[in-house]
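Data block below; observations after.
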Amino acid sequence: MKKEQITQQAAKELIKGKLSRYFGVAPSEARKEQLYKAVVMSVRDIMLEKRHKFHTVTKGAKAKRVYYLCMEFLMGRSLKNSVYNLGVTDVFAEALKEYDVTLEELYELEPDAGLGNGGLGRLAACFLDALATGDYPAMGYSIRYDYGLFKQKIVDGWQTELPDVWLPGGEVWLTQRSDKVFTVKFDGYVEEKWTENGLESIYRDAKEIQAVAYDMMVSGYDSQAVSVLRLWKARSVQNFDMKLFSQGDYASVMKDDNEAELISKVLYPADNHVEGKSLRLKQQYFLVSASLQNILADHKRRYGSLKLLPKMAAIHLNDTHPALAIPELMRLLIDENAMSWDEAWNITTSVCAYTNHTVLAEALETWPEDLIARRLPRIYTILKEINRRFCEDLWVRFPGDWDKISRMAIMSYNTVKMANLSVHGSHHVNGVSGLHSEIIKESIFKDFYDYTPSKFTNVTNGIAHRRWLNQSNPELCALLNECIGEGYAKDASKLAEFKKFENDESVLKRLGEIKALKKEQFAEFAYKKQGIIINPNTLFDVQAKRLHEYKRQLLNVLHIIHDYLILKDNPDTPMQPKTYIFAAKAAAGYYMAKKIIKLICYLAEDIRKNPKIAEKLNVVYMEDYNVTMSEKLMPASEISEQISLAGKEASGTGNMKFMINGALTIGTLDGANVEMSEHVGNENIYIFGLKADEVSEIWRNGYSASVYYNSDPALRKIVEALIVGFNGESFADIANYLLTGSPIADPYMCMADFQSYTATQNELSALYAQEKKEWNKKALRNIAAAGYFAADRSIREYAENIWGLKALHEKE
Ligand code: 26W
C-alpha cells in the first residue's frame with residue numbers, strides 16, 4: 001500500500017517544530033490541546049505536500065477535474081481519517097509515546113465539523129474521500145459557516161438548540177487563501193443598452209460582498225490524490241460609507257458590515273423542508289458565484305480559452321441548492337467573456353450535472369420571482385431568457401399543451417422552480433438508488449423524462465467504508481484481515497470473500513464476541529456522556545437518523561408501546577430483553593418531530609419506573625447525534641431500523657453503515673434497502689410493509705387510518721395508551737394525528753404497516769433468543785454483501801457515466 005514516507009523521527013521533529021513556532025512551548029510543557037493542534041498542523045503539512053505533487057501531475061496531464069457544489073459537507077472529525085488514509089497512524093502513535101498522551105486521546109479533542117444536516121451532507125463528505133482514493137482530480141465547494149448544525153439539548157423531553165461553536169479547534173484544518181478572493185454582487189439594478197455588440201446588460205449600484213477561500217484537505221487512501229474542500233467566508237468590502245462614518249453614524253456602518261457577514265454565519269438547520277428565506281437565497285448565490293468565478297479564473301489561467309471548459313471541467317449540482325450555478329455561468333460567459341447566448345448555453349449544459357436527493361413535496365425548492373428580481377437582478381433577467389427560449393421549444397414540441405408547458409416551465413405563476421431549472425440546465429440527472437431513480441422518472445420529472453429520456457440515470461449512493469468500518473470497528477477488521485486479508489480497504493468488493501466463512505463456527509463465535517465488545521464500549525460511552533445505564537446483554541435495536549415523519553420513528557414507538565402494554569399486563573411474559581436506541585435531531589421549527597422526541601423520552605422514563613419491566617425493555621434517547629457518535633453507534637448495533645414509508649426515502653446511507661458492521665436490517669422496500677436485499681439475499685434482511693406501488697395505489701383510492709384502528713385491537717390499545725399518556729403526560733395530540741389528523745390522518749401510514757412491522761420484529765427477537773449462531777451467520781452475510789455500497793463504487797460510476805472523468809494513476 002502507498003504510505004506517505006515519513007519516519008518516526010521526522011514526525012517528532014514536525015510536532016516539536018509546531019509546538020515551538022505556534023505556542024512557544026517545549027514538548028515537555030505542551031498541553032493536550034496544543035499537542036492536538038501541533039499534530040494536526042504536522043499532518044496538514046504532509047497532506048499539503050501530497051496535494052502539491054498530485055496537482056503537478058494533474059496539470060501535466062491536462063486532466064479534467066470535477067467540482068462538487070454543495071451547501072453542506074458533514075465532515076465530522078478529520079484527524080483519525082487523515083492519518084489512516086495517509087498510512088501514518090503508527091508513525092504518529094509512536095512519535096507521541098514520549099509525550100503524556102495517546103493519539104486516541106487527541107482524536108477525542110477534535111470538534112465535529114458539522115457543516116451539514118444529514119444524508120446529503122454526509123454523502124458529500126464520503127464522496128471527497130472516495131474521489132481522492134480513486135485518484136480523481138476533485139474539489140468540493142461550500143460555505144465556511146461560523147456555526148454548523150446546532151447542538152441538541154433535551155430539556156424535560158423537549159429539544160432545544162444551542163449554537164455549534166466548532167471553529168476554535170476546527171479551524172486548524174482550514175488554510176486561509178488570501179490569494180483566492182472574489183466579489184459577489186447583490187441588489188442594485190440592470191440597465192440594458194444597445195451597443196455595436198448588440199444588447200448589453202450593465203449591472204449598477206450593486207452591493208458587493210467578498211468571498212474568501214478557506215481550504216480543507218482530504219487525503220485518499222493508498223492513492224496519490226488529495227481532494228480539496230474550499231469553503232467561502234463572507235467578508236464585507238472595506239469601502240464603507242464615508243458619509244455615514246464622518247457623520248458619526250457608526251451603528252449604520254457596522255450594520256452593513258454585519259449584514260454582509262451574516263451570509264456565512266450559520267447553516268440552515270432544515271432537512272427536507274424549504275423555508276424560502278432571503279438569507280438562504282443569498283447563501284446559495286454566494287456559494288455558486290464565488291465558486292464559478294474561481295473555476296473560470298483557474299481554467300483561463302491554465303488553458304486560455306473558455307471554449308475548452310466542457311473538456312476540462314465537470315460541475316456537479318448536489319441537489320437544487322446550487323442550481324443558480326446555471327444562470328451564473330451564463331452571466332459570466334456572456335457579460336464577462338463576451339460570448340453569445342447560444343455558445344454560452346452550449347457550454348453550460350455540457351458542464352453541469354444534477355443529482356436529486358428527495359421527492360418530498362415540501363423539500364422541492366421554489367423562489368418567488370420578485371425576491372430573485374430584487375436580490376439578483378441580472379440573474380433574474382437571464383432566468384427569464386432561459387425560460388422564454390425553453391417554453392418556445394416546448395411550444396414547438398407540444399403545441400397547445402399549456403398544462404404541460406406550465407408544469408415544465410422554469411418560471412410560472414410568479415415562482416422560479418429550481419428542480420426544473422436544474423434538469424433543463426444539466427446534461428445528466430440522477431437519483432440516488434435504483435428505486436428512487438425510477439420514481440423520479442414517473443413522478444416529479446415525468447414530463448422531462450418523456451422529453452429527454454437519455455438524460456436520466458441512476459447512481460446508487462455509497463459510504464466511505466474506511467471511516468465506517470476500518471476506523472470505527474478495528475476489532476471487526478482484525479477478524480476480516482485474518483480471514484480475507486486487508487485488500488477490502490481499497491477494494492470493498494473483496495468483502496464478498498468473507499462469505500466463505502459463513503459455516504466456520506470459530507469465525508461466527510468471534511463475530512458474536514466482537515459485537516458484544518462494541519456494545520460494551522457503547523454502553524460505557526452512553527453512561528459517561530449522559531449517565532444512562534444500558535445493559536449490554538440486551539439486544540440493541542437502533543434507529544439513528546434525522547427525525548422526520550416520513551422516516552417513521554413513530555412506527556417504532558408504536559411497537560415499543562405494544563410490547564410495554566403486554567409486559568404491563570404480565571411482567572413475566574417471556575420476551576427477548578431489548579434496548580431501543582434512538583438518536584436524531586429535529587429541525588428547530590418542526591413541531592411534530594419535537595413532539596415525537598418528547599414521546600420517546602417520556603415513554604422511556606415511564607418504563608424505567610417499572611424495574612421489572614425495565615429489565616426486558618429499555619428505551620434510550622441519545623442526545624446530540626452527530627458523525628462522531630454515529631461512528632461509535634453503528635458498530636454496536638444489532639438491528640438497524642430503516643422503516644420509512646416506501647417511496648419516500650431516496651436512498652438512505654445509514655442503512656449501509658449498519659450493514660457493513662453486521663447489523664440485521666428491519667426495513668421497508670424503500671431507497672437502497674431494495675438493493676441491499678438483492679445483494680444480501682432475502683433471508684438475511686427483514687423486509688416488511690407496503691411496497692412503493694402499493695402505497696401509491698392506496699393513496700389514489702383514499703387512505704383511511706381508522707380501518708386499521710377498527711380492525712386491530714392491539715392498535716386500539718396503543719392509541720388509548722397514548723391518550724392516557726406516559727410519565728404523567730398525555731400524548732392525545734399524537735393519537736389525533738394518527739386518527740383524525742387534517743388534512744389527512746396518519747399521513748405516513750404507520751397504522752397500515754403496523755401489523756407487518758410487529759410480526760417482523762417478533763421474528764427477529766425469536767431468532768436472536770433461540771438461534772444465536774444463525775443470527776451471526778446472517779450478520780456475516782451482511783458484512784460480506786456490503787462491498788457494493790462503497791462510495792468508491794458510486795464515484796467510479798459518476799466519473800464514467802456522468803462526468804467523463806479519468807483517474808490519474810501515475811506510475812511510481
Ligand atoms: C432546502 C432544504 C433542504 C435541505 C436538504 C431540502 C432538502 C435537503 C436534502 C436533499 C435532504 C437530504 O439530505 N436527502 C437525503 O439525501 C441522502 C443522500 O442522497 C439520501 O440517502 C436520503 O435518503 C435523503 O433523504
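Counting from 1, the numbers follow the sequence of the chain as shown. Read the numbers this way: they start at 1 and go in the same order the structure lists the ligands and their atoms. Note that this is a predicted model, so its numbers are computed, not measured.
- Summary of contacts: the protein heavy atom closest to atom 15 (C) of ligand 1 is His357 O, 3.8 Å.
- In summary, Arg793 and Glu797 engage in a salt bridge, as defined by a charged side-chain N under 4.0 Å from a carboxylate O.
- Contact analysis puts Ala270 in contact with ligand 1, with a non-hydrogen atom separation below 4.0 angstrom.
- Side-chain N or O atoms of Asp164 include one that pairs as donor or acceptor with a backbone N or O of Gly148 at under 3.5 Å.
- Contact record, Leu669 with Ile687: CG-CG2, 3.6 Å, taken as the closest heavy-atom pair.
- Side chain of Thr760 to backbone of Tyr686: no donor-acceptor contact under 3.5 angstrom is found.
- Under a 4.0 Å criterion applied to the non-hydrogen atoms of Ala650, ligand 1 contributes the atoms 23 (O).
- Residue Gly119 holds the heavy atom nearest to atom 17 (C) of ligand 1 of all those in Ala672, Ser644, Gly119, Gly116.
- A donor-acceptor pair shorter than 3.5 Å cannot be found between the side chains of Asn801 and His428.
- For Val432, every heavy-atom contact with ligand 1 shorter than 4.0 Å involves the side chain, none the backbone.
- Among the atoms of Glu649, some N or O lies under 3.5 angstrom from an N or O of ligand 1.
- Relative to the ring axis of Tyr214, Arg144 places its NZ or CZ within 45° and under 6.0 Å from the centre.
- Using a 4.0 Å cut-off between heavy atoms, His273 contacts ligand 1 through its backbone alone, with no side-chain atom that close.
- Looking at ligand 1, you won't find any N or O of Lys551 less than 3.5 Å from one of its N or O atoms.
- The side chain of Asn461, and not its backbone, has at least one atom closer than 4.0 Å to an atom of ligand 1 (non-hydrogen atoms only; side chain from C-beta on).
- Ring geometry for Tyr757 against Phe688 counts as tilted: the plane angle lies between 30° and 60°, on a 0 to 90° scale.
- Contacts between Asp319 and ligand 1 below 4.0 angstrom, taking non-hydrogen atoms only, involve the side chain exclusively.
- Using a 4.0 Å cut-off to heavy atoms of Gly652, the atoms of ligand 1 that qualify are 20 (C), 21 (O), 22 (C), 23 (O).
- Ligand 1 has an N or O atom lying under 3.5 Å from an N or O atom of Tyr550, backbone or side chain.
- The closest non-hydrogen atom to atom 16 (O) of ligand 1, taken over Leu120, Thr653, Val459, comes from Leu120.
- The shortest non-hydrogen separation linking Gly431 to Asn458 is O-ND2, 3.4 Å.
- Arg280 counts as a contact of ligand 1, since one of its heavy atoms falls under 4.0 Å from the ligand.
- Not one N or O of Leu123 is nearer than 3.5 Å to an N or O of ligand 1, by distance alone.
- The two residues Val218 and Asn81 come nearest to each other via the heavy atoms CG1-ND2, 4.4 Å.
- Atoms of ligand 1 found under 4.0 Å from any heavy atom of Val274, numbered from 1 in the order shown, are 1 (C).
- Using a 3.5 Å distance cut-off with no hydrogens or angles, the side chains of Tyr625 and Gln152 do not pair a donor with an acceptor.
- For the pair His321 and ligand 1, a heavy-atom separation below 4.0 Å is found.
- Between the side chains of Tyr268 and Glu275, no donor-acceptor pair of N or O atoms lies under 3.5 Å.
- In this structure, Ser426 and Lys455 approach most closely via the heavy-atom pair O-CE, 2.9 Å.
- The shortest separation from a heavy atom of Asn117 to ligand 1 is not under 4.0 Å, leaving the residue out of contact.
- Nearest protein heavy-atom contact of atom 8 (C) of ligand 1 is Asn272 N, 3.6 Å.
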